[in-house]
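I have placed the structure first, in the form of structure tokens, so that the comments after it can refer back to it.
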Amino acid sequence: MKFPTLQASPPPPIDTPWADGTEGVTQCPILPGDTFRYKFVVDRAGTYLYHAHYGMQREAGLYGSIRVALPDGQAELFAYDYDRSIILNDWYHRSTYEQATRLSSIPFLWVGDPQSLLIQGKGRFDCRTPGIEANRCNDTNPECSRYVFTVVPGKTYRLRIGSLTALAALSFEIEGHNMTVVEADGHYVEPFVVNNLFIYSGETYSVLVTADQDPTRNYWVVSKMVGRDNKTPNGLGTFNYYPNHPSRSPPTDPPSGPRWNDVGPRVNQSLAIRSHPNYIHPVPQTSDRVIILLNTQNQINESVKWAINNISFTLPHTPYLISLKHNLLHTFDQTPPPDVINGYEDYNITNPPPYLSFTTSNSLYRLKFNTTVDIILQNANMKDPGYSETHPWHLHGHDFWVVGYGNGKFNVSEDPKNYNLVNPIMKNTVPVHPYGWTALRFVANNPGVWAFHCHIESHFYMGMGVVFEEGIEKVKKLPSSIMGCGDTKRFIKP
Ligand SMILES: O=C1O[C@H]([C@@H](O)CO)C(O)=C1O
């Protein structure tokens, strides 16, 4: 057996930008009854997620995880006996269409806290909750069992955990058991041990867990919503030591998990993640362009939107990939968004101007092919005072190096001096912590058009995203299967 080899750095372009699945960016929506075939090269082993990318459809259940195996003859860097995957999620009783309607209604109506947290699709809703309709409660339904993870005493499990929550940032733990983190978003990390793992929507981690505790009992598996004050009950499952009965409840109370507003441990986990020493993709030491993306929540009259550099993002009717490749430039706003807002130096992130002017636009950033780009995600106060949320930002078409995190406002001349340019982890989803900033670096070497957005369903819907174009002239002939909407009807033969 040999260990996997480090690939060219950064990973090579995948050459099928139309297989990204982002409605309005890389393709038209797939109509009811239609079939769409995604064809792409699986170029790196690891744990990944797939999901619908149309409106807020993901949270209705169109998602799953993908496990890419190492090529034959290669072994993982770490030893384990069994390999398992779980998806963590949150669950709302209102349909995604109802939620979307409420978010765009006047007055604005927020989606609120999820009603349950799901572990591998299983969760319960307490029948004693006042005002609950009988058909919504399921904790007395015998078919609604908890998620059970059965383990053999003494064995080590690789648990591939992915989060696809609509809203919730989560803390995940297995009562009485430490977890060793070994992989993040498909990249090997320098192993580190946690009692509870913080995981944000869009992220994946592999952890190793050894069943080395008292085998005569079962233990709790807990997922808990953090980062927002919430009333969502913790998700519960059972860590079942074989041969105990899987439905036997643990003799202890479930761990209550970290406090929702304890930001320190969450930032510490972000800071603890490093590339595995043998799998460091060398990071370019300088960048060609710096884009500072200021995240703000804006209220205009009775509607609430998120804006990036004062622009609340909307998707065009004609997907960018098609309009750029075929020069249909009238289909979206041609004024590029700014690399930094005017007056950024004087902007106070804890006390933003009470009325922030913002516009709604579908303009995009055009990047010079093969250049190195730094993105600074800057968090700020929400529209109400004293509150800043965590946002998991996800980039399509790339992995990026996470070169720094900081508290407060990013200092353009000082903070880059402290970037980690030695062993930063590469990821595709990363949190920006409350009142903090996160700095990313990537090489614009994947010809296509790529969304970059908050992975909270409602936030992207409310405008929290941007789009990057690079190397459009290098994109090959587009397949007709992605056409059919907006101004692309002209390419469909009757
Ligand atoms: O985007 C959001 O809107 C609400 C609230 O700020 C306005 O009702 C909330 O908690 C969000 O995350």
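Heads up: numbering here begins at 1 and tracks the sequence. Note that ligands are numbered from 1 as they come in the structure, with each ligand's atoms numbered from 1 the same way.
A salt bridge is defined here as a Lys NZ or Arg NE, NH1 or NH2 lying under 4.0 Å from an Asp or Glu carboxylate O, and Arg289 with Asp339 meets this definition. Ion pair Glu173/Lys224 not flagged as a salt bridge, since none of the NZ, NE, NH1 or NH2 atoms sits closer than 4.0 Å to an Asp/Glu carboxylate oxygen.
Side chain of Thr318 to main chain of Asp487: a donor-acceptor pair is present (N/O by atom type, distance under 3.5 Å, no hydrogens or angles).
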Stepwise side chain to side chain donor-acceptor pair (under 3.5 Å) check, Ser85 with Arg160: CA-CA 4 Å; Ser85 302; Arg160 299 172 187 253; 4.7 Å; no
Criterion side chain to side chain donor-acceptor pair (under 3.5 Å) on Ser363 and Gln334, from CA distance to verdict: CA-CA 6 Å; Ser363 61; Gln334 294 298 303; over 6 Å; no
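Residues lining ligand 1 at a heavy-atom distance below 4.0 Å are given as Phe108, Trp110, Arg228, Gln297, Trp306, Met382, Lys383, Glu389, His459, Met462, ordered by chain and residue number.
Here the CZ-CH2 distance, from Phe125 to Trp91, works out to 13.0 Å after rounding to the nearest 0.5 Å.
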